[in-house]
Undergrad: 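Please find one structure pasted underneath; my questions will follow.
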Amino acid sequence: MWRIEKMTSLLCITMISLTLAGSAYSQSTPTVNVLADLGTEITLPCHPPSIDSVYSDIIGMRVEWTKVAEDEARNEAVLLSMGFHKKTYGSFVDRVYMKSDDDASLTITDVSTDDSGTYRCEIIYGVEDFTQEIILKVQGSLAKGVVFPYSPSVGRYNLNYVEATKACLHQNASVANLDQLRQAWKGGLDWCNAGWLSDGTVHYPVVRARGPCGGNKGPGLISYGTRNKQNSRYDVFCFATALKGQFYWLVQPDRLTFSEAVQACLDDGAEIAKVGHIYSAWKLQGYDRCDAGWLADGSVRYPISRPRKNCSPTEAAVRFVGFPDKMQKSYGVYCYKK
């Protein structure tokens with residue numbers, strides 16, 4: 001009887017010892033809450049409280065970042081790091097990275113509302129592992145505005161990043177960010193030319209996948225990733241906010257050359273309208289006119305909110321005529337008055 005009680009006691013002690021030993025192999029810390037502003041860069045912390053000296057940095061460890069769903073089967077892989085090899089996934093490609101080889105924290109650039117949620121960082125080193133969960137909350141909302149693609153008179157794919165930024169500014173707009181382009185895509189923007197975004201990445205939105213326009217990937221934001229800001233050349237996606245003045249068609253008895261159009265607006269106490277003005281008036285005010293008119297960049301366009309025969313019959317759009325000879329007397333003019 002005594003032998004049985006003794007063996008039982010030894011077994012209990014052994015089980016307790018194994019349980020205590022097991023806790024040293026798996027470590028976790030309380031969930032961390034992180035707040036981020038829309039469109040900014042944010043770092044989600046992941047720092048093991050203690051690492052054996054043999055594993056003094058992240059190299060040699062396996063680091064997995066996952067966006068956790070209520071249904072674990074719907075979890076989304078974010079980043080996997082194994083030594084010098086790192087891979088990102090899905091919407092996080094070219095937007096996330098680990099800052100250094102001795103820190104498993106995850107940096108997310110150009111934060112969007114879709115990034116909100118719970119993230120899990122798991123570090124496996126030898127027989128030990130560490131888990132950290134972070135809840136990311138993205139605050140702020142998109143300014144009311146409109147995204148539009150832009151290329152200069154010399155043709156498509158002629159802007160490096162600096163030139164693209166200036167091009168948008170000259171059209172009373174700014175370079176769009178990823179979240180603004182995503183919202184425009186959800187609203188039906190379908191454009192097959194790739195353009196710069198504010199974070200230095202290049203994308204284009206596809207609603208109807210076809211041929212070279214998302215044919216192999218399907219609808220969505222097609223990404224070229226981060227490009228060389230000096231040497232790479234693309235179009236640009238600009239973002240224009242609500243107008244603070246009046247956009248209008250200037251009634252004139254005759255058609256005008258470009259210089260005559262500029263002067264006509266000045267004579268009316270206004271300026272010749274910019275591309276950002278026409279898009280903002282069309283999208284946010286429902287401006288509709290089936291007359292092609294000069295704009296400040298030398299292009300000719302007209303805004304159609306109510307599609308009809310001979311006036312953009314299939315869709316509401318700002319129709320682009322082109323960059324005609326500036327001496328041509330074939331068009332009127334759109335003006336903008338503050």
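Keep in mind that this is a model prediction, so the values were computed, not measured.
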Undergrad: Given 3.5 Å as the limit, does a donor-acceptor pair link the side chain of S105 with the main chain of C46, or not?
TA: yes
Undergrad: Do W249 side-chain atoms and A292 backbone N/O form a donor-acceptor pair below 3.5 Å?
TA: no
Undergrad: Does Q171 reach the main-chain N or O of V275 with its side chain, forming a donor-acceptor pair under 3.5 Å?
TA: yes
Undergrad: Just by modelled atom types, is the A36 backbone N or O under 3.5 Å from a matching donor or acceptor in the T40 side chain?
TA: no
Undergrad: Anything under 30° is parallel, anything over 60° is perpendicular, the rest tilted; go ahead and classify Y279 against F148.
TA: parallel
Undergrad: Is K87 positioned over the aromatic face of Y89, cation under 6.0 angstrom from the ring centre and no more than 45 degrees off axis?
TA: yes
Undergrad: Using modelled atom types and a 3.5 Å cut-off, is there a donor and acceptor pairing between side-chain atoms of S312 and backbone atoms of P307?
TA: no
Undergrad: Do NZ/NE/NH1/NH2 and the carboxylate oxygens of R308 and D288 come within less than 4.0 Å?
TA: yes
Undergrad: Verify the ring-centre separation between Y287 and F247: is it less than 6.0 angstrom?
TA: yes
Undergrad: With rounding to the nearest 0.5 angstrom, report the CD to CG distance, E64 to N75.
TA: 11.0 Å
Undergrad: If you count the non-hydrogen atoms of other residues, nucleotides and ligands that lie under 6.0 Å from CD in E315, is the total more than 12?
TA: yes
Undergrad: Would you say W185's side chain and V206's backbone share a donor-acceptor pair under 3.5 angstrom?
TA: yes
Undergrad: Would you say D268 and Y248 are linked by a side-chain donor-acceptor pair, where the criterion is simply a distance under 3.5 Å?
TA: yes
Undergrad: Is W282 close to S305 at the side-chain level, that is, under 4.5 Å between some pair of heavy atoms?
TA: yes
Undergrad: So, Q183 versus D179: side-chain donor-acceptor pair below 3.5 Å or not?
TA: no
Undergrad: Quick check: do Y119 and V68 have side-chain heavy atoms less than 4.5 Å from each other?
TA: no
Undergrad: Would a distance-only check, ignoring hydrogens and angles, find a side-chain to backbone donor-acceptor pair under 3.5 Å from D267 to C265?
TA: no
Undergrad: Is the shortest side-chain heavy-atom distance between L80 and V63 below 4.5 Å?
TA: no
Undergrad: Can you see whether T107 engages T43 through a side-chain donor-acceptor pair at a distance of less than 3.5 angstrom?
TA: yes
Undergrad: Please check if atom NZ in K283 has more than 12 non-hydrogen atoms from other residues, nucleotides or ligands closer than 6.0 Å.
TA: no
Undergrad: Any side-chain heavy atom of I278 within less than 4.5 Å of one from L295?
TA: yes
Undergrad: Step through it carefully: locate the ring centre of F237, locate the ring centre of Y234, and say whether they are under 6.0 Å apart.
TA: no
Undergrad: Within a radius of less than 6.0 Å around NZ of K337, do more than 12 heavy atoms belonging to other residues, nucleotides or ligands occur?
TA: yes
Undergrad: Is a donor on one side and an acceptor on the other found under 3.5 Å between the side chain of Y336 and the backbone of G245?
TA: yes
Undergrad: Are the charged groups of R210 and D190 less than 4.0 angstrom apart, N to O?
TA: yes
Undergrad: Provide the closest heavy-atom pair for A261 versus L256 in the form atom of the first, atom of the second, distance.
TA: CA-CD1, 3.8 Å
Undergrad: Hey, what do you get for NZ (K86) to CG (L79), rounding to the nearest 0.5 Å?
TA: 8.0 Å
Undergrad: Assigning hydrophobic clusters by single linkage (Ile, Leu, Val, Met, Phe, Trp, Tyr; side-chain heavy-atom cutoff under 4.5 Å), is Y334 placed with L266?
TA: yes
Undergrad: Just checking, any donor-acceptor pair under 3.5 angstrom between side chains of D297 and Y150?
TA: yes
Undergrad: Verify the cluster assignment for I272 and V321: are they in a single hydrophobic cluster under the rule of side-chain heavy atoms below 4.5 Å apart?
TA: yes
Undergrad: One pair to check against salt bridge (charged side-chain N to carboxylate O under 4.0 Å, His left out): E163 and R233. What are the steps and the verdict?
TA: CA-CA 9 Å; E163 293 164 345; R233 293 187 172 272; 2.6 Å; yes
Undergrad: Going by heavy atoms in the side chains, are V175 and V236 under 4.5 Å from each other?
TA: yes
Undergrad: Is the shortest side-chain heavy-atom distance between L136 and S116 below 4.5 Å?
TA: no
Undergrad: Check R95 with D115, please: is the shortest side-chain N to carboxylate O separation under 4.0 Å?
TA: yes
Undergrad: So, taking the atom named CD1 in I42 and the one named CG in L35, what distance separates them when rounded to the nearest 0.5 Å?
TA: 8.0 Å
Undergrad: Flag the pair W191 / Y204 as yes when their ring centroid distance falls below 6.0 Å, and as no otherwise.
TA: no
Undergrad: To the nearest 0.5 Å, what is the distance between NE2 on H47 and CD on Q132?
TA: 9.0 Å
Undergrad: Would you call E76 and F92 a side-chain contact if the rule is heavy atoms closer than 4.5 Å?
TA: yes
Undergrad: Measure from the side-chain N and O atoms of Y161 to the backbone N and O of S198, and report whether any donor-acceptor pair falls under 3.5 Å.
TA: yes
Undergrad: Do the charged groups of R74 and E72 touch, with an N to O distance under 4.0 Å?
TA: no
Undergrad: So do C121 and L44 actually touch side chain to side chain, heavy atoms under 4.5 Å?
TA: no
Undergrad: So, the side chain of H277 versus the backbone of K274: is there a donor-acceptor pair under 3.5 Å, distance only?
TA: yes
Undergrad: Which one of F323, Y302, W294, F258 satisfies the ring pair (Phe, Tyr, Trp, His ring centres under 6.0 Å) criterion with Y331?
TA: W294
Undergrad: State the OG1-CD distance between T131 and E122, to the nearest 0.5 angstrom.
TA: 4.5 Å
Undergrad: When rounded to the nearest 0.5 angstrom, what is the spacing between CD1 in I304 and CZ in R319?
TA: 8.5 Å
Undergrad: If two hydrophobic side chains count as joined below 4.5 Å and joins carry through other members, does V34 share a cluster with M98?
TA: yes
Undergrad: Closer than 4.0 angstrom, basic N to acidic O: yes or no for K329 and E260?
TA: yes
